[in-house]
Novice: 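Have a look at this one before I ask anything.
Excluded from the calculations below are hydrogen atoms, water molecules and symmetry mates; all remaining heavy atoms, backbone and side chain alike, are included. Counting starts at 1 for both ligands and their atoms, following the listed order. The first residue in the sequence is number 1, and the count goes up from there.
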Amino acid sequence: MESEIKKRFDNYIREKGLRKTAQRDVILEAAFSSDDHFTAEELWMKARKIDPKTSRATVYRTITLLLECGMLREIDLGRDERVYDPNFIESPDHNHLICIDCGKVVEFEDENAAVLIDCITRRLGFRPTSKSMRIEACCDKLRSSGMCENLIELRLGKK
Ligand SMILES: [Zn+2]
Ligand SMILES: [Zn+2]
């Protein structure tokens with residue numbers, strides 16, 4: 001995890017008048033050590049791998065703090081559960097393509113798409129504050145070869 005992330009969170013904690021705790025640091029590490037999106041339960045699992053004593057309530061409270069300070073964003077993957085995305089710090093305008101067949105999520109950035117969204121928003125008389133789009137798509141691999149390793153993983157419950 002980059003120290004910038006830790007610094008930013010520490011500043012926010014201080015502004016809020018909260019104490020720095022080792023538990024929150026563990027959760028921060030679990031959240032930002034990879035690009036993976038996660039649910040609260042998944043984050044709890046990751047955090048417990050670093051420190052088995054991490055409490056579930058602290059995970060939920062820390063997620064709220066991270067959302068408040070804009071370090072984490074909730075994204076809509078069309079699932080029933082809340083999914084959080086740690087990648088908006090590095091790429092604030094990134095987009096998601098979601099495969100409706102196998103559930104794979106592909107993150108991408110595109111300058112032209114960002115400019116286009118910007119133009120449309122301004123033409124409608126607004127200023128964009130975040131430019132993220134979501135594309136739902138069919139799995140090409142599944143259609144052409146009849147199977148997709150992602151779907152197999154999904155069915156095995158690994159994802
Ligand atoms: Zn993302
Ligand atoms: Zn697929």
Side-chain angles (χ1 to χ4, degrees), residues 1-13 24-50 54 56 58-121 126-159:
M1 183 181 52
E2 289 162 51
S3 63
E4 268 310 304
I5 288 173
K6 216 166 141 14
K7 232 186 274 167
R8 191 166 152 185
F9 189 63
D10 285 348
N11 283 341
Y12 184 69
I13 291 291
R24 275 202 285 260
D25 283 349
V26 165
I27 296 161
L28 203 68
E29 195 188 323
F32 293 98
S33 59
S34 84
D35 287 347
D36 294 344
H37 303 134
F38 49 76
T39 64
E41 293 296 311
E42 282 163 358
L43 182 59
W44 186 37
M45 251 159 52
K46 278 194 194 186
R48 272 184 304 173
K49 274 188 198 150
I50 304 169
T54 310
R56 188 185 194 180
T58 311
V59 168
Y60 277 82
R61 279 198 298 267
T62 306
I63 286 176
T64 304
L65 288 171
L66 288 167
L67 290 171
E68 274 172 20
C69 69
M71 292 176 67
L72 204 62
R73 268 203 234 166
E74 189 179 329
I75 51 167
D76 183 3
L77 298 181
R79 291 202 235 152
D80 295 338
E81 48 194 359
R82 289 168 192 270
V83 180
Y84 302 100
D85 187 335
N87 306 327
F88 282 101
I89 297 177
E90 289 239 328
S91 5
D93 289 338
H94 81 263
N95 307 288
H96 297 110
L97 182 145
I98 299 138
C99 179
I100 55 170
D101 295 320
C102 73
K104 190 181 173 72
V105 179
V106 180
E107 298 193 308
F108 69 95
E109 281 183 283
D110 187 290
E111 253 177 61
N112 294 323
V115 170
L116 184 66
I117 293 172
D118 204 79
C119 287
I120 294 168
T121 312
F126 296 86
R127 252 162 212 277
T129 52
S130 77
K131 291 177 270 184
S132 185
M133 75 179 150
R134 168 183 147 178
I135 299 173
E136 285 182 8
C138 299
C139 185
D140 253 355
K141 204 162 182 189
L142 191 66
R143 205 180 37 184
S144 60
S145 69
M147 72 176 180
C148 159
E149 65 280 354
N150 212 49
L151 188 68
I152 296 165
E153 270 181 41
L154 198 78
R155 285 194 180 142
L156 289 172
K158 279 194 213 151
K159 283 209 163 169

Novice: Under 4.0 Å between a side-chain nitrogen and a carboxylate oxygen: does that hold for R143 and D140?
Specialist: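 Looking at D140 together with R143, the answer is yes, because their closest N to O distance falls below 4.0 Å.
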
Novice: State, with a plain yes or no, whether a side-chain heavy atom of F9 is found less than 4.5 Å away from one of I27.
Specialist: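 Result no, sub-4.5 Å side-chain heavy-atom pair not found.
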
Novice: For the atoms SG of C148 and SG of C139, give the angle they form at the Zn ion (ligand 2), rounded to 10 degrees.
Specialist: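 Between SG of C148 and SG of C139, the angle at the Zn ion (ligand 2) is about 120°.
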
Novice: Is the shortest heavy-atom distance from the side chain of Y84 to the side chain of L43 under 4.5 Å?
Specialist: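 They are not in side-chain contact.
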
Novice: Report whether any nitrogen, oxygen or sulfur of E107 sits less than 2.8 Å from the Zn ion (ligand 1) (N, O or S, backbone or side chain).
Specialist: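 Checking the Zn ion (ligand 1) against E107, an N, O or S atom does fall under 2.8 Å.
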
Novice: Any luck finding a side-chain donor-acceptor pair between E68 and Y12 under 3.5 Å?
Specialist: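 Judged by distance alone, the side chains do pair up.
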
Novice: What is the name of the N/O/S atom in H96 that sits closest to the Zn ion (ligand 1)?
Specialist: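 It is NE2 of H96.
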
Novice: If I take atom CG from residue N95 and atom CZ from residue R134, how far apart are they, to the nearest 0.5 angstrom?
Specialist: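 Reported value, rounded in 0.5 Å steps: 12.5 Å.
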
Novice: How large, to 10°, is the angle at the Zn ion (ligand 1) when you draw lines to OD2 on D85 and to NE2 on H94?
Specialist: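 Vertex the Zn ion (ligand 1), arms to OD2 of D85 and NE2 of H94: 100°.
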
Novice: Would C99 count as a contact for the Zn ion (ligand 2), in the sense that one of its N, O or S atoms lies under 2.8 Å from it?
Specialist: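 No - counting backbone and side chain alike, C99 has no N, O or S atom under 2.8 Å.
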
